[in-house]
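Each ligand, and each atom within it, is numbered from 1 in the order the structure gives. The figures here come from the full heavy-atom set of this structure, side chains too, leaving out hydrogens, waters and symmetry mates.
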Amino acid sequence: MVCTVVVDGFFGDGGKGKIVSYLAVADKVAVCARGGVGPNAGHTVVNDGVTYKLRMVPCGFVKPDTKLLIGPGVVVNPEVLLKEIAELGVEERFGLDPQCAIIEPKHIEADRRGHLKEVIGTTGTGTGPCNADRALRVAKMARELPELKELITDVPTELNEALDRGASVLIEGTQGTYISLYHGTYPYVTSNDVCAAATISDVGIGPTKVDEVVLVFKAYVTRVGEGYLEGEIDMEEAKRRGWDEYGTVTGRQRRAAPFNFPLARRAVMLNGATQLALTKLDILYPECKGAKDFKELNQEAVAFVEKIEEDLGLPVTLIGTGPGVHEIIDRR
Ligand code: IMP
Ligand code: MG
């Protein structure tokens with residue numbers, strides 16, 4: 001039995017979706033539960049040539065018999081959720097906690113004007129205003145909505161029972177360490193803590209139950225919305241390097257910068273990481289595209305991986321070499 005938490009060590013968009021979907025298959029995960037903030041997240045999964053953009057359903061869906069859960073810490077947009085569930089056809093193996101807070105149209109409106117839009121540059125998904133209402137104790141709960149009735153389940157109990165019977169459990173975080181409400185670059189942050197400890201709290205698992213904390217870093221750094229980004233390059237330069245990316249939820253071009261060692265070291269500390277995943281190595285070193293064995297990497301790529309391991313004091317166990325779920329080097 002293994003309980004693994006996957007979180008991002010920079011500003012999000014590091015490729016957690018791909019890592020989570022790979023681990024679900026490779027580790028024969030029985031339950032994949034999503035913590036994190038809400039539908040402000042966008043996780044991309046490319047499986048068998050099909051690209052999925054998920055905002056609510058856990059990325060473990062690629063393994064056909066994995067149970068999919070959303071923990072009480074997450075705020076839910078019922079429309080987005082029900083559409084994804086129907087598109088993926090996962091009704092039978094999906095569960096939502098009764099205490100998830102519900103995003104209402106007024107939250108989306110509030111997120112698309114004034115301070116949140118102009119100063120912070122939020123995703124406009126209503127996530128922050130819904131969390132504000134949760135803190136004020138006036139938010140609607142998933143248990144109050146008839147259209148969600150069939151999906152409701154006690155997520156902490158399901159997860160802890162799965163662990164008790166020796167099943168493998170995967171906890172999927174969202175966003176990234178430096179847009180955490182507590183540990184990020186406040187006020188240019190999201191509306192909840194998104195580090196490993198918060199993520200397990202989101203789904204109702206205690207810290208003594210966790211075996212592995214996989215911290216995901218992309219081979220370069222990106223950030224969307226406002227806030228300082230050390231070493232930021234301009235959009236044209238990003239395009240030349242192939243670092244130009246566009247937000248899954250908002251379509252905005254992400255700002256880009258080189259891999260940041262001091263931030264990465266601090267993220268290891270803040271998350272209590274036990275291993276590292278490095279994604280998009282093929283963007284820095286195109287020769288690595290599709291590699292499945294560490295021996296296939298060129299010298300420069302190997303040197304980069306080794307520098308990260310030395311500097312952060314942890315093994316890089318998973319290396320992404322392409323967008324596909326199985327374009328990965330697994331060194332565990
Ligand atoms: P909010 O989470 O929509 O309130 O947005 C607050 C800040 O977090 C903005 O800078 C967003 O661009 C950023 N943000 C929120 N969700 C994500 C994500 O999934 N990836 C990257 N940035 C995000
Ligand atoms: Mg994302």
Side-chain angles (χ1 to χ4, degrees), residues 6-20 34-45 52-59 70 73-77 80 84 101 103-104 106-135 139 172-195 198-199 202 215-218 220-229 232 238 243-257 260 263 267 279-280:
V6 181
V7 286
D8 177 292
F10 288 140
F11 298 88
D13 307 316
K16 278 184 300 296
K18 178 227 172 76
I19 297 296
V20 167
R34 234 204 73 171
V37 190
N40 52 348
H43 291 171
T44 305
V45 176
Y52 301 88
K53 305 255 183 210
L54 301 178
R55 293 172 56 193
M56 299 253 55
V57 172
C59 296
I70 296 182
V74 179
V75 304
V76 166
N77 179 326
V80 173
E84 272 181 25
I103 296 176
E104 297 179 67
K106 65 180 177 191
H107 297 135
I108 296 173
E109 275 163 44
D111 209 7
R112 293 187 177 172
R113 59 177 139 91
H115 174 76
L116 290 174
K117 180 178 184 348
E118 312 297 338
V119 181
I120 308 300
T122 68
T123 58
T125 53
T127 306
C130 179
N131 265 327
D133 271 356
R134 166 136 52 180
E172 173 179 350
T174 64
Q175 281 79 31
T177 298
Y178 293 102
I179 56 171
S180 156
L181 181 63
Y182 299 162
H183 302 291
T185 55
Y186 191 94
Y188 306 106
V189 295
T190 189
S191 55
N192 214 338
D193 183 15
V194 290
C195 294
T199 302
D202 288 334
L215 189 59
V216 180
F217 293 113
K218 189 157 57 185
Y220 49 95
V221 182
T222 59
R223 170 165 209 173
V224 271
E226 301 306 317
Y228 180 64
L229 180 60
E232 183 169 1
W243 296 6
D244 57 315
E245 296 182 5
Y246 302 86
T248 311
V249 176
T250 60
R252 293 180 292 186
Q253 186 174 351
R254 295 176 182 148
R255 301 153 60 201
N260 187 317
L263 285 186
T279 59
K280 296 210 176 183

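With a 4.0 Å heavy-atom cut-off, ligand 1 is reached by the backbone of V224 and by its side chain too. If you look at R252 next to ligand 1, the close heavy atoms, those under 4.0 Å, all belong to the side chain.
Remark: ligand 1 and Q175 share an N or O pair separated by less than 3.5 Å (distance only, no angle test). Close N/O approach between N40 and ligand 1 is found [any backbone or side-chain N/O within under 3.5 Å].
The closest approach between a heavy atom of D13 and any atom of ligand 1 is below 4.0 Å. The closest approach between I179 and ligand 1 falls below 4.0 Å for a heavy atom of the residue.
Within the listing of ligand 1, atoms 19 (O) sit less than 4.0 angstrom from a heavy atom of A41. Near F11, meaning under 4.0 Å from any of its heavy atoms, are these atoms of ligand 1: 21 (C), 22 (N). Contact atoms of ligand 1 toward T190: 1 (P), 2 (O), 6 (C) (distance under 4.0 Å to a heavy atom of the residue).
Comparing G121, G124, G247 against atom 11 (C) of ligand 1, the shortest heavy-atom distance belongs to G121. Comparing N131, L116, T222, V189 by heavy-atom distance to atom 7 (C) of ligand 1, the nearest is V189. Of the candidates T123, T185, V37, T123 brings a heavy atom nearest to atom 15 (C) of ligand 1.
Put simply, the side chain of D202 gets close to the backbone of G36: a donor and an acceptor are under 3.5 Å apart. Checked by atom type and distance alone, the side chain of S180 never pairs as donor or acceptor with a backbone atom of C195 at under 3.5 Å. In this structure, K280 contributes its side chain and Y220 its backbone to no donor-acceptor pair below 3.5 Å. In this structure, the side chain of R112 engages the main chain of G124 through a donor-acceptor pair within 3.5 Å.
With sequence neighbours left out, E232 forms a side chain to side chain donor-acceptor pair (under 3.5 Å) with R255. Considering only residues two or more places apart in sequence or on other chains, S191 meets the side chain to side chain donor-acceptor pair (under 3.5 Å) condition with N131.
Using cut-offs of 30° and 60° on the angle between ring planes, the pair F217 and F10 is tilted.
For the side chain to side chain donor-acceptor pair (under 3.5 Å) with H43, the qualifying choice from K53, R55, E172 is E172, the only one to do so.
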